[in-house]
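Everything below concerns the one structure shown next.
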Amino acid sequence: MLTVETPLPPREDRIRALFKNVGPMGTLNLARACVADGIYTDVELDLMHLRAIQGDVRDALKKNDAKGLPANGHTTDRDDDGAPVWKARELWSPEDYVVNVRELVGQRNTLNRQAVLLAEECAERHGYVIEISSLSA
């Protein structure tokens, strides 16, 4: 007898459905619920574990120095897997500075767009106007 497996909805949909079902909670508890619910395979969990460690490494490398500047950053160089090579800032070329400045400006622009959209949504939903300029530090 031939059986046809129904493909699962994308993981993001399954996570949102679980969240809707279990109600408001912190992301750590939701992550535990996702694991308990079998949303992730063992292979995916192993890869995510490695990515979490990689994120911890990145966080350590991204720490600012006494001047408030990143002590390290990724560069125009690539490793054997094609990933950016990280270097201490004193080893950066002018091109490496461009890479890091461009990333920071992109992050700022993305966050600014999100802030504006959230403020607009708040005004539409609640009639409460958030003056973004008054929130700037």
Tell me the closest heavy-atom pair linking [X] and [Y], and the distance in Å.
X      : Y      : value
Asn100 : Gly73  : OD1-CA, 3.7 Å
Met25  : Phe19  : N-CE1, 3.9 Å
Val129 : Ala123 : CG2-CB, 4.4 Å
Ala119 : Ile132 : CB-CD1, 3.9 Å

Write out all pairs satisfying salt bridge (charged side-chain N to carboxylate O under 4.0 Å, His left out) with one or both partners inside residues 83-102, taking only residues at least two apart or from two chains.
->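 Checked against salt bridge (charged side-chain N to carboxylate O under 4.0 Å, His left out) - neighbours excluded - the pairs reaching residues 83-102 are Asp65-Arg89, Asp77-Lys87.
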Can you list every salt bridge (charged side-chain N to carboxylate O under 4.0 Å, His left out) pair that touches residues 15-32, not counting sequence neighbours?
-> Asp13-Arg16
Exceeds 12 heavy-atom contacts within 6.0 angstrom, atom NE2 of His49 | no
Stepwise side chain to side chain contact (heavy atoms under 4.5 Å, CB included) test for Ile15 and Ile39 = CA-CA 8 Å; Ile15 292 169; Ile39 288 178; 4.2 Å; yes
First locate atom CG of Leu61, then atom CG of Asp56, and finally report the distance between them rounded to the nearest 0.5 Å.
-> 10.0 Å
To the nearest 0.5 angstrom, please state how far the CG atom of Leu91 sits from the OG1 atom of Thr75.
-> 9.5 Å
Are any of the side-chain heavy atoms of [X] and [Y] separated by less than 4.5 Å?
X      : Y      : result
Leu50  : Gln54  : no
Asn64  : Leu69  : no
Gln107 : Leu104 : yes

May I ask you to decide if Asp81's main-chain N or O and Asp79's side chain share a donor-acceptor pair within less than 3.5 Å?
-> yes
Examine distances only and state if a side-chain atom of Arg78 and a backbone atom of Ala83 form a donor-acceptor pair shorter than 3.5 Å.
-> no
Going through the distances and angles, do Lys62 and Asn72 end up as a side chain to side chain contact (heavy atoms under 4.5 Å, CB included)?
-> CA-CA 6 Å; Lys62 285 184 173 182; Asn72 309 285; over 6 Å; no
Residue list, side-chain contact (heavy atoms from CB on, under 4.5 Å) with Val105, at least two apart or on another chain = Val101, Arg108, Asn109
Decide side chain to side chain contact (heavy atoms under 4.5 Å, CB included) for Cys34 and Leu18; before the verdict, give the C-alpha distance in whole Å, the side-chain angles of both, and the deciding distance to 0.1 Å.
-> CA-CA 8 Å; Cys34 288; Leu18 178 63; 3.9 Å; yes
Hey, mind stepping through Thr76 and Trp92 against side chain to side chain contact (heavy atoms under 4.5 Å, CB included) and telling me if it holds?
-> CA-CA 9 Å; Thr76 57; Trp92 288 0; over 6 Å; no
Do we see a donor-acceptor contact under 3.5 Å between the side chains of His74 and Glu103?
-> yes
Would Leu30 end up clustered with Met48 when hydrophobic side chains under 4.5 Å apart are linked, directly or stepwise?
-> yes
